[in-house]
Colleague: 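Below you will find the structure I want to go over with you.
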Amino acid sequence: MFPTRAYDCPLMARVLSGIQPSGDLHLGNYLGAIRNWVEDQGDNDAFYCVVDLHALTLDIDPAELRARTYDTALDLLAAGLDPDRCTLFVQSHVVQHSQMAWLLECTATMGELQRMTQFKEKTAGQESIRVGLFIYPVLQTADIVLYDADRVPVGDDQRQHVELARDVAIRFNRRFGDVLVVPTATIPTTGARVMDLQHPERKMSKSVSSPLGTILILDDPAEITRKVKKAVTDTDGEVRYDPEHKPGLSNLLELLAVATGRKPAEVAAGYTRYGDLKTDTAEALVELLRPLQARRAELAADPGAVPALLARGAAKAREVAAATYDRAAEAVGLLGPA
Ligand code: TYM
């Protein structure tokens, strides 16, 4: 029987998550994922990666991809990831991601990938669809299982991808023995789906959101305040948490709730006027992001530090990933080098 872990760390759960280097990070990334990554480090054996291979599924200028990968790592450090308490690395620095993806692609089916909502959304109306975009979720599965991850902290939009990872891992184990750890998504109760401030029926996102509807984590206080003040609400005038009928207002309540550690309905009880809610939400977000922005400025002043930290992270990640890959390669029957 194969071991289910590359190395034993019995008191800690293994956690893995990833983020695309697709430009400036926004409040959705921060509240839905990164904030929880920071919470999870230390108490868990946490691995976080900047998934540059995933970014190749879309058209991106090579120089820009390199710059964004670096900037994303910088943003994560600024947000509070501590390389002494977690393993932070760049996906392409660990070759086993692509190798493992191939083993898994040979077990995944066209049908299950065709059902992925993000794939359908990203390819709607396109005539020529890249294979990379289609198999993207299997590379994501490889990211997860390589680290024997028990938990995957993500926003709500990644729920389906983690479900797929579970299905693929279970099927692989059924066919080849107890090789892969089957992961579970951890999705926060508040902030899991931050909506666009101008189009509150759709999620805040790097690719489709409007500039005024998206708060970037590096927006200055005046910009944050302007965006919150201009947020679309409704005309019935009642402050009530009701995402279905009052999506814009409920989004603001959720933002203020998550920034102040409360529940949205509790926050709603304290307001009668939309204007007051907006003022307080803007202030809370400015305060929430202030320390991150200050750290970001400090880190940017020492550009040599980040590549060294990423090299250290990759070395540690490689050890774990290589052991899992070797286990999986042996299980499927690859001969392996002498
Ligand atoms: P990505 O880069 O789109 O987003 C990174 C994280 O941010 C969360 N997120 C949101 N949360 C709340 N509200 C929003 N509006 C919002 N927008 C984004 C996402 O849920 C995610 O947790 N496929 C993944 C990257 C990935 C990955 C992995 C994740 C690759 N390999 C392995 C987990 C494990 C993605 O494109 O995330």
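As the structure is a prediction and not an experimental result, all values here were calculated from the model. Just so you know, ligand 1 is whichever comes first in the structure, and atom 1 is the first atom listed for that ligand.
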Colleague: What's in the same ILVMFWY side-chain cluster as Y136, cut-off under 4.5 Å, chained through other members?
Modeller: none
Colleague: Hydrophobic side-chain clustering at under 4.5 Å (ILVMFWY, transitive links): who's grouped with I60? Put none if nobody.
Modeller: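 L53, L56, L65, L139, all in the cluster of I60.
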Colleague: Using the ring of each side chain (for Trp, its six-membered ring), is F89 parallel, tilted or perpendicular to F47, with breaks at 30° and 60°?
Modeller: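 Plane angle over 60°, so perpendicular.
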Colleague: Which heavy atom of F119 sits nearest a heavy atom of L133, and at what distance?
Modeller: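 Minimum heavy-atom contact is CD1-O, 3.8 Å.
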Colleague: Any idea which heavy atoms bring P83 and L81 closest together, and the distance?
Modeller: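 Where P83 meets L81 most closely, the heavy atoms are CD-O, 3.7 Å.
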Colleague: Every pair of nitrogen or oxygen atoms between ligand 1 and the protein that is under 3.5 angstrom apart - can you list them with their distances to 0.1 Å?
Modeller:
{"from": "ligand 1", "atom 1": "2 (O)", "to": "Q20", "atom 2": "N", "distance (Å)": "2.9"}
{"from": "ligand 1", "atom 1": "4 (O)", "to": "N29", "atom 2": "ND2", "distance (Å)": "3.4"}
{"from": "ligand 1", "atom 1": "7 (O)", "to": "N29", "atom 2": "ND2", "distance (Å)": "3.1"}
{"from": "ligand 1", "atom 1": "11 (N)", "to": "G28", "atom 2": "O", "distance (Å)": "3.0"}
{"from": "ligand 1", "atom 1": "13 (N)", "to": "V194", "atom 2": "N", "distance (Å)": "2.9"}
{"from": "ligand 1", "atom 1": "15 (N)", "to": "V194", "atom 2": "O", "distance (Å)": "2.9"}
{"from": "ligand 1", "atom 1": "15 (N)", "to": "M204", "atom 2": "O", "distance (Å)": "2.8"}
{"from": "ligand 1", "atom 1": "20 (O)", "to": "G155", "atom 2": "N", "distance (Å)": "2.9"}
{"from": "ligand 1", "atom 1": "20 (O)", "to": "D157", "atom 2": "OD1", "distance (Å)": "2.4"}
{"from": "ligand 1", "atom 1": "22 (O)", "to": "G155", "atom 2": "N", "distance (Å)": "3.2"}
{"from": "ligand 1", "atom 1": "23 (N)", "to": "Y136", "atom 2": "OH", "distance (Å)": "2.7"}
{"from": "ligand 1", "atom 1": "23 (N)", "to": "Q140", "atom 2": "OE1", "distance (Å)": "2.8"}
{"from": "ligand 1", "atom 1": "23 (N)", "to": "Q158", "atom 2": "OE1", "distance (Å)": "3.1"}
{"from": "ligand 1", "atom 1": "31 (N)", "to": "D143", "atom 2": "OD2", "distance (Å)": "2.6"}
{"from": "ligand 1", "atom 1": "36 (O)", "to": "Q20", "atom 2": "NE2", "distance (Å)": "3.0"}
{"from": "ligand 1", "atom 1": "36 (O)", "to": "Y136", "atom 2": "OH", "distance (Å)": "2.8"}

Colleague: Not counting sequence neighbours, list each pair that qualifies as a side chain to side chain donor-acceptor pair (under 3.5 Å) and has a residue in residues 99-110.
Modeller: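 Counting only pairs at least two positions apart or across chains, no side chain to side chain donor-acceptor pair (under 3.5 Å) contact touches residues 99-110.
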